[in-house]
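Step one of this worksheet: look at the structure below.
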Number of protein chains: 2
Amino acid sequence: MDKRQQLIHSAFELFYRNGIHAVGINQILQTAGVAKKTLYHHFASKEELIAAVVEYRDEKFYNWLASRLELVKPGYDGLNELFDAVDDWINNRVDLLTDFHGCFFINTCAEFNDPQQLIYQQCQQHKKKINGLIERQIRALGILEPATHHVTDSISLLKEGAIVMAHVQGDLTAAKKAKDMAWIVLAAYLS
Amino acid sequence: MDKRQQLIHSAFELFYRNGIHAVGINQILQTAGVAKKTLYHHFASKEELIAAVVEYRDEKFYNWLASRLELVKPGYDGLNELFDAVDDWINNRVDLLTDFHGCFFINTCAEFNDPQQLIYQQCQQHKKKINGLIERQIRALGILEPATHHVTDSISLLKEGAIVMAHVQGDLTAAKKAKDMAWIVLAAYLS
DNA sequence: ACAGAGGTATACCGATCTGTCTATTCTTCT
DNA sequence: AGAAGAATAGACAGATCGGTATACCTCTGT
């Protein structure tokens with residue numbers, strides 16, 4: 001019954017479904033069942049609440065993906081698991097992440113389009129963390145070291161493409177397509 | 001000096017840079033140098049202006065890409081041109097499209113997250129039109145007919161991934177990576 | 001026992017939002 | 001010349017925005 005956490009949780013649900021700027025503070029308060037004074041006791045401004053929401057989602061998403069990847073061997077299995085995880089997410093088979101509405105961080109960058117803003121940078125930072133997970137898989141594959149970052153970015157590109165295809169174009173098989181392409185591309189790098 | 005067009009143009013610039021919900025009507029009016037009455041003479045509401053802006057960008061972007069693809073032979077050359085065009089766009093070498101801030105349609109879907117809303121559907125429609133351009137290239141390659149749509153979606157996925165990587169992660173070489181992957185994947189399909 | 005922290009509910013503030021209205025000017029067509 | 005249409009500036013309405021203030025109510029730790 002931590003009110004602060006309750007606020008963050010409700011705010012995230014509303015932001016994720018409706019966009020951040022479209023959601024007012026009173027709406028969040030009503031959904032969370034919390035008094036306005038309490039919000040401003042925990043956060044100095046709406047901006048701070050937003051930052052806390054982004055951090056909350058960052059941790060939740062990263063921990064979810066990291067824990068899935070820990071279940072399998074890094075490398076082949078890890079990359080399969082990566083795309084399977086995205087597939088599960090896209091097709092709403094992951095309760096933890098709530099109904100799929102695209103990537104919250106991509107969506108947030110769309111609204112806070114200035115790279116100098118804190119919130120934009122938080123989103124970039126999140127993506128870097130996720131890239132770190134991917135990079136570990138790539139290294140385990142035995143890709144030649146100089147190509148590691150390039151290949152990591154390529155896999156990341158496929159993952160981002162799958163998310164956007166699923167969100168905007170409604171292609172629920174996008175993660176499977178990305179997975180197939182990933183192995184074709186990696187085969188070319190490993191030969 | 002068409003006031004209606006001036007409004008749409010100014011609104012697009014502001015929406016693209018700052019997000020739609022973050023931009024007020026008065027700000028648009030000031031930027032466009034147009035009176036409020038004139039806006040509501042041409043559009044019944046802000047919603048209608050937004051719809052007109054999406055349509056405007058749809059036409060502008062589609063016509064730009066289509067005209068670039070018309071300069072080369074469909075197939076190999078067309079697909080190269082597709083990714084070169086995206087590369088030019090991402091790296092701000094296309095004045096017509098104004099400074100790159102991600103894909104306006106992806107951004108807009110992030111703000112109007114409900115697939116039943118008109119504006120969301122306009123964005124989906126735009127993506128379908130772009131997919132049509134890609135599909136023409138795929139057919140010209142002589143891919144086996146049953147795979148045409150699958151391959152088209154795969155190339156579209158690579159394109160979307162490149163746009164998002166460039167926007168969120170700041171990878172300005174994303175289009176080149178996508179192009180490389182496209183040929184690796186297509187080689188596998190053509191063999 | 002009682003101070004203090006965290007909570008509720010709600011009135012309020014100034015700013016800003018979309019949209020309407022008035023009153024006036026410029027342009028264009030016949 | 002004169003009517004009609006499109007434009008102007010800007011006041012205004014009503015709602016909502018983020019944020020503050022007031023007054024009161026629980027808990028909890030020493």
Side-chain angles (χ1 to χ4, degrees), chain A residues 1-57 104 107-108 110-114 116-120 122, chain B residues 1-57 107-108 110-114 117-120 122:
Chain A
M1 267 293 192
D2 183 348
K3 294 292 175 183
R4 189 189 138 96
Q5 208 57 29
Q6 212 163 320
L7 278 165
I8 292 174
H9 183 265
S10 296
F12 169 73
E13 295 294 324
L14 290 167
F15 289 164
Y16 189 34
R17 275 169 178 71
N18 308 107
I20 293 177
H21 285 129
V23 175
I25 270 184
N26 294 313
Q27 197 181 344
I28 298 169
L29 294 173
Q30 198 173 354
T31 304
V34 160
K36 194 177 275 195
K37 189 93 194 244
T38 306
L39 190 161
Y40 284 100
H41 172 71
H42 289 293
F43 306 99
S45 63
K46 186 189 184 184
E47 188 90 0
E48 269 197 17
L49 171 61
I50 297 169
V53 167
V54 173
E55 189 189 343
Y56 159 79
R57 180 65 171 184
F104 181 65
N107 294 357
T108 300
E111 288 203 69
F112 296 82
N113 223 324
D114 180 3
Q116 293 197 316
Q117 278 198 254
L118 169 73
I119 291 172
Y120 193 102
Q122 281 182 278
Chain B
M1 268 296 192
D2 182 349
K3 294 292 176 183
R4 188 189 137 96
Q5 208 56 30
Q6 213 163 319
L7 278 166
I8 291 174
H9 183 264
S10 296
F12 169 73
E13 295 294 325
L14 290 167
F15 288 164
Y16 189 37
R17 275 171 178 70
N18 307 107
I20 294 177
H21 286 129
V23 175
I25 271 184
N26 293 314
Q27 197 181 344
I28 298 169
L29 294 173
Q30 197 173 355
T31 304
V34 160
K36 193 175 275 194
K37 190 88 197 243
T38 306
L39 191 160
Y40 285 99
H41 172 72
H42 289 294
F43 306 99
S45 63
K46 187 189 182 183
E47 187 90 358
E48 268 196 17
L49 172 61
I50 296 169
V53 167
V54 173
E55 188 189 344
Y56 160 79
R57 180 63 170 184
N107 294 357
T108 300
E111 288 203 69
F112 297 82
N113 223 324
D114 180 2
Q117 277 198 255
L118 170 72
I119 291 172
Y120 193 103
Q122 282 182 277

Report task. Step through the shown structure and confirm whether more than 12 heavy atoms of other residues, nucleotides or ligands are within 6.0 Å of CD on A:Gln30. Result -> no
Let me know the distance between [atom1] of [X] and [atom2] of [N], rounded to the nearest Å.
X: A:Ile28; N: D:dC17; atom1: CD1; atom2: C1'; value: 12 Å
X: B:Tyr40; N: D:dG5; atom1: OH; atom2: P; value: 23 Å
X: B:Leu49; N: C:dC17; atom1: CG; atom2: P; value: 15 Å
X: B:Gln5; N: D:dA7; atom1: CD; atom2: P; value: 13 Å
X: A:Lys46; N: D:dT20; atom1: NZ; atom2: P; value: 15 Å
X: A:His41; N: D:dC27; atom1: NE2; atom2: P; value: 17 Å
X: B:Leu29; N: C:dT16; atom1: CG; atom2: P; value: 15 Å
X: A:Asn18; N: D:dC17; atom1: CG; atom2: P; value: 12 Å

At under 4.0 Å, does any side-chain N or O of [X] touch on OP1 or OP2 of [N]?
X: A:Asn26; N: D:dC17; answer: yes
X: B:Lys3; N: D:dT8; answer: yes
X: B:His42; N: D:dA7; answer: yes
X: A:Thr38; N: C:dT8; answer: yes

Query raised in the report: Can you find a donor-acceptor N/O pair under 3.5 angstrom joining the side chain of A:Lys36 to the base of D:dG19?
Result: yes
Heavy atoms only: give me the nearest [X]-[Y] pair and the separation to one decimal.
X: B:Ile28; Y: B:Ser10; answer: O-CB, 4.4 Å
X: A:Ala51; Y: A:Leu118; answer: CB-CD2, 4.4 Å
X: B:Gln27; Y: B:Leu14; answer: NE2-CD2, 3.8 Å

Requested in this report: For A:Lys37 and for A:Gly24, locate the closest nucleotide of DNA chain D by heavy-atom distance; then report the residue assigned to the nucleotide nearer the 5' terminus.
Outcome: A:Gly24
Query raised in the report: Closest nucleotide of DNA chain D for A:Ala44 versus for A:Gln27: which of these residues is on the 5' side?
Result: A:Gln27
Query raised in the report: Out of C:dC17, D:dT8, D:dG19, which has the shortest distance to the side chain of A:Ser45?
Result: D:dG19
Report task. Specify whether A:His21 and A:Phe112 have parallel, tilted or perpendicular ring planes, treating 30° as the upper limit for parallel and 60° as the lower limit for perpendicular. Result -> tilted
